Undergrad: 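I have a structure here, written as structure tokens, and I will follow up with some questions on it.
Given the structure is predicted, the values throughout are model-derived calculations rather than measurements.
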Amino acid sequence: MKSLQKTVNMSVLQTNESEDPGVFLNGDSLYSLYVSAMELLSKLEGTVSREQFLLALSHTEVIEIYLNNYERALKKNEMPLPYKRNKDLKTKLYEHYWDGENI
């Protein structure tokens, strides 16, 4: 692994397995992004079009996938999370909007 740029909480790295460099984001920063995205969803609900809400929801779901993968890796390696996880935050709360329900 080669570091292309060292920045606190957000280094740019190149792995041997990939031609394309990536961003190393600390887990606590990833969790902060997720919490902010979930807060945005709660504020948008009922105030924007269905299309706009679903766009925000889809972005939040991607962040949630990354976060879940991060948490599984730490659990597998018996490492504690660097944050206190709010188990009530889940995009699943909004999944009914994908079925065509109006916002």
Side-chain angles (χ1 to χ4, degrees):
M1 188 173 302
K2 176 181 169 185
S3 177
L4 303 177
Q5 179 182 354
K6 293 181 183 177
T7 308
V8 176
N9 290 337
M10 193 175 55
S11 296
V12 178
L13 305 171
Q14 174 110 39
T15 65
N16 297 333
E17 296 83 22
S18 176
E19 291 181 25
D20 300 322
V23 175
F24 173 81
L25 185 65
N26 284 4
D28 58 339
S29 297
L30 178 60
Y31 184 68
S32 292
L33 282 172
Y34 176 66
V35 169
S36 295
M38 290 297 293
E39 287 174 0
L40 180 61
L41 283 178
S42 71
K43 288 178 179 10
L44 291 176
E45 190 175 24
T47 66
V48 297
S49 71
R50 181 174 182 275
E51 182 179 277
Q52 291 169 322
F53 186 82
L54 290 176
L55 179 61
L57 177 56
S58 67
H59 287 292
T60 306
E61 288 173 336
V62 170
I63 296 170
E64 187 175 62
I65 289 167
Y66 291 152
L67 184 67
N68 288 339
N69 187 52
Y70 171 80
E71 290 179 353
R72 275 192 303 275
L74 264 60
K75 184 175 184 175
K76 179 180 177 184
N77 289 280
E78 299 178 357
M79 298 173 70
L81 296 176
Y83 49 83
K84 183 171 174 28
R85 178 72 144 102
N86 180 345
K87 299 288 185 186
D88 294 331
L89 288 181
K90 294 181 181 186
T91 57
K92 195 169 188 79
L93 301 170
Y94 300 103
E95 72 181 2
H96 57 279
Y97 289 117
W98 289 114
D99 296 330
E101 184 175 315
N102 289 330
I103 307 298

Undergrad: Can you give me the closest heavy-atom contact between M38 and L89, atom names plus distance?
TA: CB-CD2, 4.0 Å

Undergrad: Does the side chain of E45 come within less than 4.5 Å of Y94's, by heavy atoms?
TA: yes

Undergrad: Which atoms form the tightest heavy-atom contact between Q14 and E19, and what is the distance?
TA: NE2-O, 2.6 Å

Undergrad: Write down the atom of D28, the atom of Y83, and the distance for their closest heavy-atom approach.
TA: CA-CD2, 3.9 Å

Undergrad: Considering only heavy atoms from C-beta outward, does the side chain of I65 approach that of N68 to under 4.5 Å?
TA: no

Undergrad: Would you say Y34 and L30 make side-chain contact, with heavy atoms under 4.5 Å?
TA: no

Undergrad: Of all heavy-atom pairs between L13 and S3, which one has the smallest distance, and what is that distance?
TA: CD2-CA, 3.7 Å

Undergrad: Quick check: do F24 and M1 have side-chain heavy atoms less than 4.5 Å from each other?
TA: no

Undergrad: Looking at every heavy atom in both L74 and P80, which two are closest together, and how far apart are they?
TA: CD2-O, 3.4 Å

Undergrad: Do L93 and L44 belong to the same hydrophobic cluster, where Ile, Leu, Val, Met, Phe, Trp and Tyr are linked whenever their side-chain heavy atoms lie under 4.5 Å apart, directly or via other members?
TA: yes

Undergrad: Would you say the side-chain atoms of S36 pair up with the backbone N or O of S32, donor to acceptor, closer than 3.5 Å?
TA: yes

Undergrad: Applying a strict under-4.5 Å side-chain criterion to I, L, V, M, F, W and Y, I'd like to know whether M10 and L4 cluster together.
TA: no

Undergrad: Flag yes if L41 and V48 sit in one hydrophobic cluster, no otherwise; membership is Ile, Leu, Val, Met, Phe, Trp, Tyr, and two members link when side-chain heavy atoms are under 4.5 Å apart.
TA: yes

Undergrad: Could you grab the distance from atom NZ of K90 to atom CD of E95, nearest 0.5 Å is fine?
TA: 11.0 Å

Undergrad: How long is the straight-line distance from OH of Y31 back to CG of L81, given to the nearest 0.5 Å?
TA: 9.0 Å

Undergrad: Which pair of heavy atoms, one from S29 and one from L25, lies closest together, and at what distance?
TA: CB-CD1, 3.8 Å

Undergrad: Are E71 and R85 within salt-bridge range, i.e. N to O under 4.0 Å?
TA: yes

Undergrad: So, do R50 and L54 sit near enough that their side-chain heavy atoms are less than 4.5 Å apart?
TA: yes

Undergrad: Are the side chains of V35 and N86 in touch, meaning some heavy atoms are under 4.5 Å apart?
TA: no

Undergrad: Passes side-chain hydrogen bond (donor to acceptor under 3.5 Å, both in side chains), S49 versus Q52? Steps please.
TA: CA-CA 5 Å; S49 71; Q52 291 169 322; 3.3 Å; yes

Undergrad: Between L57 and W98, is there a side-chain heavy-atom distance shorter than 4.5 Å?
TA: yes

Undergrad: For the pair Y97 and F53, name the ring-plane relationship: parallel under 30°, tilted 30 to 60°, perpendicular over 60°.
TA: perpendicular

